[in-house]
Structure formats: structure tokens, C-alpha cells
Protein chains: 4
Amino acid sequence: MPKIGMQPIRRQALIDAAIQTIHERGSLEVTVGQIAKRAGVSSALAHHYFGSKDALILSTMRYLLTELTTDLRATLAAARTPRERISKVIRANFTPSQFDPAVVSAWLVFYVRAQSSAEARRLLRVYAGRLHSNLAHALTQITDGRRAHAIAEGAGALIDGLYIRRALKSGSPDPESAIQVVEHFVDAMLAQAQPIREISNGRS
Amino acid sequence: MPKIGMQPIRRQALIDAAIQTIHERGSLEVTVGQIAKRAGVSSALAHHYFGSKDALILSTMRYLLTELTTDLRATLAAARTPRERISKVIRANFTPSQFDPAVVSAWLVFYVRAQSSAEARRLLRVYAGRLHSNLAHALTQITDGRRAHAIAEGAGALIDGLYIRRALKSGSPDPESAIQVVEHFVDAMLAQAQPIREISNGRS
Amino acid sequence: MPKIGMQPIRRQALIDAAIQTIHERGSLEVTVGQIAKRAGVSSALAHHYFGSKDALILSTMRYLLTELTTDLRATLAAARTPRERISKVIRANFTPSQFDPAVVSAWLVFYVRAQSSAEARRLLRVYAGRLHSNLAHALTQITDGRRAHAIAEGAGALIDGLYIRRALKSGSPDPESAIQVVEHFVDAMLAQAQPIREISNGRS
Amino acid sequence: MPKIGMQPIRRQALIDAAIQTIHERGSLEVTVGQIAKRAGVSSALAHHYFGSKDALILSTMRYLLTELTTDLRATLAAARTPRERISKVIRANFTPSQFDPAVVSAWLVFYVRAQSSAEARRLLRVYAGRLHSNLAHALTQITDGRRAHAIAEGAGALIDGLYIRRALKSGSPDPESAIQVVEHFVDAMLAQAQPIREISNGRS
DNA sequence: AATGAATGAGTTTTCATTCAT
DNA sequence: GATGAATGAAAACTCATTCAT
């Protein structure tokens, strides 16, 4: 019963299935067949719509990056102070839709993929760069530039580290605790920088 | 005339080859054949000595973990103060032999492998646990237990994050800069915890 | 509002596209999808009109055979002497529309197809038979029947050989030079047969 | 029961099987699986020894070219006069091992393959060039250079044409009749060139 | 101790073909 | 009349693994 306009529906279904399958299986072991089966279509259709397994994986990466950006924009609008903006940026990385075990697993695969795919590497650099500039921009308004960049760098690595460790843990994720670790890091680094002035923390 | 005592030599050669091959190829794409070729033996021999590809990968993990422990013990002996011990623990993770691009790539593969292999997961938890207890033990002597654990947790995640990001970068690694990031983190967290007392930093 | 009489238009468009596509791609690698795309229609339509890929290829063969016959009839009308008729028959095979690189490639495919398809084999035999009888008929008026058939046989093979070799060459085809080769062959064979009588050559 | 030194045996068996399979099936439709099965091995082994289907096909081409050269050398040694040499060159192309239906089919496939593979094209040009120079060299000693090349060119095309037509016929091949066609062609062309002098024909 | 030989099972990918609209 | 949707079947190719020597 083929209906018209299925393309975007199928594409999204396949991307969702890719994320789920990556999570369940041991990451890179995912086959197009498994993904397609989970999406309820034939593997031939997956190729029809994406052209290749690689393209499907890359589209999945792009989708997650877009989601991250969307999450961030939505939350950033409400921020008043620079410190608040920093908190929003941090929090955006641990949104339920982002810190979902399946999504975290997918990110890990992307990091591995980046070792061999130039395009995957580029996408991850875009992500890292965007995160860095978002944080650094807000930080520059609170502390000096050199320090702002150092903190942004550290926070970025810390977020990645929490992700990778999350992938190892079983049970449901604990975004709040992860957020606290990063917030503490930022607070501590800022406090050390300006030991006297009190910093207003945007967290509720 | 079969040589005696070849087993340990071959095993080590294959483990070394596994690390190098993982680095050169796109990570998980490594085949037993590639590893064996680089080690200068047949793939059949790799199976003879390890039983399976999985066992070879796990042995490689164990080897790197042992190396890390060895590096740590060697450097820890000279530490006088708790803060110095912390610095030594951090530094042990960025030893040239550890922060080598090939080794970093291998770690990434292990994280992926851990998603599907219980034994790999166990090994990574052993590593994380050992790192955590080493740091927490020293930190408990400087700050309160709750805070000590939080800092140890953060430092561990930060180290992992720096590793994963290192894998994305091209060029030679910069261990000193990575060490500084973690040291700053610890310093800042400790400073925030005890704003008055001066902390002795074991770094030269 | 479905258009009326689209069938012949679509069929011809698909046949033309088949010839072009066979030429551009590596011969037999042509897919129905490629042909349909070049014709500006969906592959489903190609099946609608031809029933199968095989039928499309066979229709393309039939079309080229018909063209050859048409070319021949047009030119044959003006022939006065038997020798002139022979020249016209030869020349018909090297008409710009026949010796076009795309058409030559298509013929090659047909020969291959003939290996596995009885119908394709039959069509090629029809072509060979028609060429032979055309030549032999005219030749019989100049030389004895046995020799006439031998010359016709050789000329046919020579024409095929020039086609197959043309497919290997790059650059634009050189019909005149090919025609000369066959004409020389016929002249020489006739001269050997009747060393005394002068042969009138219909070529300009 | 794996024995040592199987590689050359398997390679040759696969090449032989390729020729046979190409003949039986519809040429290009041959799959590695079919060839391997006929050779009594797995398709994986075919890939192991040749690397790819293309490489197997090309090796088969090279083998047939080498055989042709070998056949030629063997027969050429006994030639005394230039005309005899020409006859030997012609005959070498219709040796039972060359004009075998399976081999003829294979050649046709090579011609098709040449359309898309540069290496296959190169090999066929080598063949054509060698045939041409062999013929032209002997012809130059009997007639003028321009004519020698023209005759060599025509003879080459004629041989190819006879091959391609042979592929269409059923039943056992008739090498003698094909040889006669080419010999007549050469005789006739030479006679026309030097209508007076008698040419000694090397044929028995 | 070591390996060349060999393969089964599985992977991506392609394509002719069908069908509901 | 025309097509987007969808797939089954089969292709090339890969690879961990086994085994006789």
C-alpha cells in the first residue's frame, strides 16, 4: 500500500532505527539489514533512500547534531545573564533526548567512525567548535579571554568524558548529576580566577 | 626444530601489532589478518595463541591496563604529599607510552567493544575504578570524603574526555597541555572547597 | 488527462535512450533505471511498455535492424549495375546513423546477448542472412555462384570485424576508410576470380 | 586435505573454469560463484587467489593471449618464406585451442569488457598490435609498405569478424574454412597489388 | 611451532520487477 | 498514462576460523 510522500517518513524512521540499533547491538556491528528490519522496511529500501550505509550513518549524525542545536536554541532564549547562558549550554547536552542511552551509544560510534571518515570527523569538529564558541562567548563576558577559552576547552572535554562513561554504565542515565559535575567545574574555575567577586549562578 | 618459549614473544608481538593496526586503520575495521601480517606471522598463528579475535583484543586491553598500572607505580613511589600523589596519578595517564596516538585509538576501540563484550566492560570498569580509588584516596587526605569523590569522578571523566578528543586531532599529542587542564580542574575544585588554606601543588 | 498515442513516442524514446546508455556505460552494465532516467521517465514505465528488460533490448535490436534495412532500401534504389549494388549494400552498413559509436556499442551488446537469448540470436542471424543474400545476389551476376557466396561471406565477416574494432577505438569513427577496406576486399576477390575482365566499380 | 603449492594449480583451474563458464552461460552473466563451483572450490577462494572478479577475468584474458603467442611461436619456427609466415600467423588464430567455442565466447566477453575496463582495452590492443605487426612485417617483404599495412589491417578485422560470427553458430567450429577465407583475402589483395608476379603460397 | 589452504556465514550493494494510486 | 514505493533475489566481496601438514 504505497502512499505518496513516504520519503521523509522512511528516512526519519531509518535514522531512528539506526540510533536504536546502534544502542542495542555492539555499536559498529550494526548492519543495514538490522536497521532496516527495525524500521520495518527492507534493506534495499534503506539503500534506495540513503545510497549507502555510510550515508545513513552520516545522516544519523547530522540529525543528532541538529537536534542538539535545536535543544540549545530553545533553552538559550530564556537566558538572562552570561552565567545563565553557560548553564543552558551545558544543560542542552544532557537533555533527556540527548543523554538517552541509545543516543550516547550512537555518539560513541560516531567518534569511532570519525577515525576513518573525513566527513564524520568534520561533523564532530563542527559540534566541538560550536560547543566551544557558545561557552567561550559567554565566558568572555565574565572572565578574561585566555581563561575563558581554557574553561570552555575543559568543559567540552568533561562533557565528552561524561558521555563516554555514561555508555559504560547500566541503568537509566542521571543527567542532573552529570550537569552538576560540569557546573562545579565551571564554578570552581571561575572562582579561582576571580576569588573575590561573587558569581551569580544561573542554576535554579 | 621448533623453538622453545616462542609463546610469550609471539603473543607480545601480536598485541603490539594490534595496537598499531588499530591506530592505522579506521579503528574497529581491524581484521585478524591485518594484525597478524603486521606481526609477521600468519593469521592462523594468531588464533593458535589467542583462540579468537575477541580474546586477542581483550589481551591487548589487559596489556595496556597493566602498562598503565606499571607506569603509575613507578611514578607514585616518589610522591611525598597527597597533592603530589594526585599529580602523579594524573600524569601517569599522559605518559608518552599512554598518550601515544596509537594507544589512544586503541582505547577508543575498547570503549566501543565494551558495549558488546561483558569482559571488555569489566576491564574498563576496573580501570575506571582503580583511577577513581587512587585519586579519591589521596583527595580524602586533603578534603572531605564527599568532595573527594566528586573531584575524583570529575577528573576521571575529564581524562577520558581529553583522550577521546585527542583521537580526533591530527598532529602529535600534547600531554603537558592535557595534564594542565586536569591539574587546573583539581586545583580549582580544591580551592573552592577550602578557600582559605593554601594548597601545596606537587607539580614542579 | 491522459494523453493519447503516447505509446509509440515513449517506446521510441526508451529505445533511443537504450542505445545512448549502452554506449556511455560499459555496455552490458546498463540497467533499466539508467535507460528510463535518460528517457525522462520512470523505470516502471519502461516495464509497462516493454514488459521486461529483455524485451526492451530486443526491441532496440529490431529497431536498429529496421533502420539498417531502411537505409539500404533508400540507397539501393539508385543503383544501376550489380557492382554498384554491392557498393550500396556495403555503404549502408557504414551510414553515419549506423556507424555511430553508440550504435556500434549497442551491436556489440547484441552479440553478447545472442549468446544467451535465442531471440537475439535469431535476429542477428536475420541480419547476417539479409546482408549475405543482398551481397550474394548482386555478386552472382558478376561471378560464379560458389565464389559469390564466398565473397559475400568474407565481406560480412569483415564488416562485423570492422565494427568490433571500431568499438575499441577512441575518437570519431571513419566510415570512409572502413568502406574502402571492404571495397578493396571485394575488388581483389573479384579480380582474382576474373583476372581478365575489367570490373566496373560503382563508387564515386 | 590442503597440500602445499596449490596456488598455481587453483589459479589455472579457475582460469579454465572461467573460460568454460563464460561459454556455457550468457557471457557477462557469469558470476564468481559459478566459476568457482565449476573449478570445485568456494567463491571465497577465487577471491583469495585473484583479489576480485575483474582480476580473474583479466588473468583469463592474459592467459589466452599468452596461449595465442605460444601457439604462434611454435608454428612460426617452421616458416621459410614470408608468405608462409603469413599463413602461419593466420593459422595460429584458428588453432583448435583458440577457435574452441568456449574460447571464442570468452573473447567476445573481453571485447565487451574492454568497453569499460582500461586494462582490458590495453590487452586487446596489445593483441591487435601484435597480430598487425606480425602480418605487416611479413607482408612488407612481398609488397610495398602502404599496401602491406592495409592488408594486415583488413586481415585483422576479418579474423575478428570470423570470431564474432563463430560465436553465433551452433555446432563444432570449422577452422579450415575460416582460414581459407582469410587466405583468400590475402591472396586476392596481393594479386591485385602485383598482378604479374606469381606468389608462392605457403599453404599445403 | 607455524602456516598455506580452504570455507561458511554474513555484509553491503544492485536491480529487475510489482503494485497501489 | 504514469510513477513513487517497495522488495526478493542475487551479486561481489570479507573475514574469523579450522585443519592437515
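The sequence lines fix the lettering, A, B, ..., with proteins before strands; numbering per chain opens at 1.
- When heavy atoms are screened at a 4.0 angstrom cut-off, Y49(A) is found touching the sugar-phosphate backbone but no base atom.
- Across the protein-nucleic acid pair, L45(C) atom CG and dC19(E) atom C1' stand 14 Å apart, rounded to whole Å.
- As a whole-Å value, the separation of Q7(C) CD from dA2(F) C1' is 13 Å.
- Between atom CG of residue L14(D) and atom CD1 of residue I35(D) there is a gap of 8.0 Å, rounded to the nearest 0.5 Å.
- Look at R62(D) and E119(D) and you find a salt bridge, because one of the NZ, NE, NH1 or NH2 atoms lies within 4.0 Å of a carboxylate O, short of that distance.
- Of the possible donor and acceptor atoms, none in the side chain of Q20(B) sits under 3.5 Å from a partner among the backbone N and O of A17(B).
- Partners of E67(A) by side-chain contact (heavy atoms from CB on, under 4.5 Å), not counting sequence neighbours, listed by chain and number: Y63(A), S97(A), Q98(A).
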| Please, what dot-bracket string fits DNA chain E when only Watson-Crick and G-U pairs with both distances under 3.5 Å count, crossing ones use [ ] and pairs to another strand use |? | .||||||||||||||||||||
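- One atom, NZ of K37(C), and another, C1' of dA2(F), lie 18 Å apart when rounded to the nearest Å.
- By the ring-ring contact (aromatic ring centres under 6.0 Å, His included) test, Y127(D) pairs with W107(D), sequence neighbours left out.
- Atom C1' of nucleotide dT3(F) and atom CE of M6(C) are separated by 14 Å, given to the nearest angstrom.
- In this structure, R10(A) reaches the dA6(F) phosphate: one of its side-chain N or O atoms is under 4.0 Å from OP1 or OP2.
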Please list every donor-acceptor pair under 3.5 Å in which a side-chain atom of residues 36-48 of chain C meets a protein atom from a residue at least two apart or in another chain.
{"from": "R38(C)", "atom 1": "NH2", "to": "E24(C)", "atom 2": "OE1", "distance (Å)": "2.9"}
{"from": "R38(C)", "atom 1": "NH2", "to": "E24(C)", "atom 2": "OE2", "distance (Å)": "2.4"}
{"from": "S42(C)", "atom 1": "OG", "to": "L45(C)", "atom 2": "N", "distance (Å)": "3.3"}
{"from": "H47(C)", "atom 1": "ND1", "to": "S43(C)", "atom 2": "O", "distance (Å)": "3.3"}

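- In this structure, R11(B) contributes its side chain and Y49(B) its backbone to a donor-acceptor pair below 3.5 Å.
- Computed from coordinates, the L14(D) CG to dC13(F) P distance equals 14 Å when rounded to whole Å.
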At a cut-off of 3.5 Å, list every protein nitrogen or oxygen paired with a nitrogen or oxygen from nucleotides 15-18 of chain E, distance to 0.1 Å.
{"from": "dA16(E)", "atom 1": "OP1", "to": "V32(C)", "atom 2": "N", "distance (Å)": "3.4"}
{"from": "dA16(E)", "atom 1": "OP1", "to": "K53(C)", "atom 2": "NZ", "distance (Å)": "3.0"}
{"from": "dA16(E)", "atom 1": "OP2", "to": "V32(C)", "atom 2": "N", "distance (Å)": "2.9"}
{"from": "dT17(E)", "atom 1": "OP2", "to": "H47(C)", "atom 2": "NE2", "distance (Å)": "2.9"}
{"from": "dT17(E)", "atom 1": "OP2", "to": "K53(C)", "atom 2": "N", "distance (Å)": "2.8"}

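- Under the salt bridge (charged side-chain N to carboxylate O under 4.0 Å, His left out) criterion, D16(C) pairs with no residue at all, not counting sequence neighbours.
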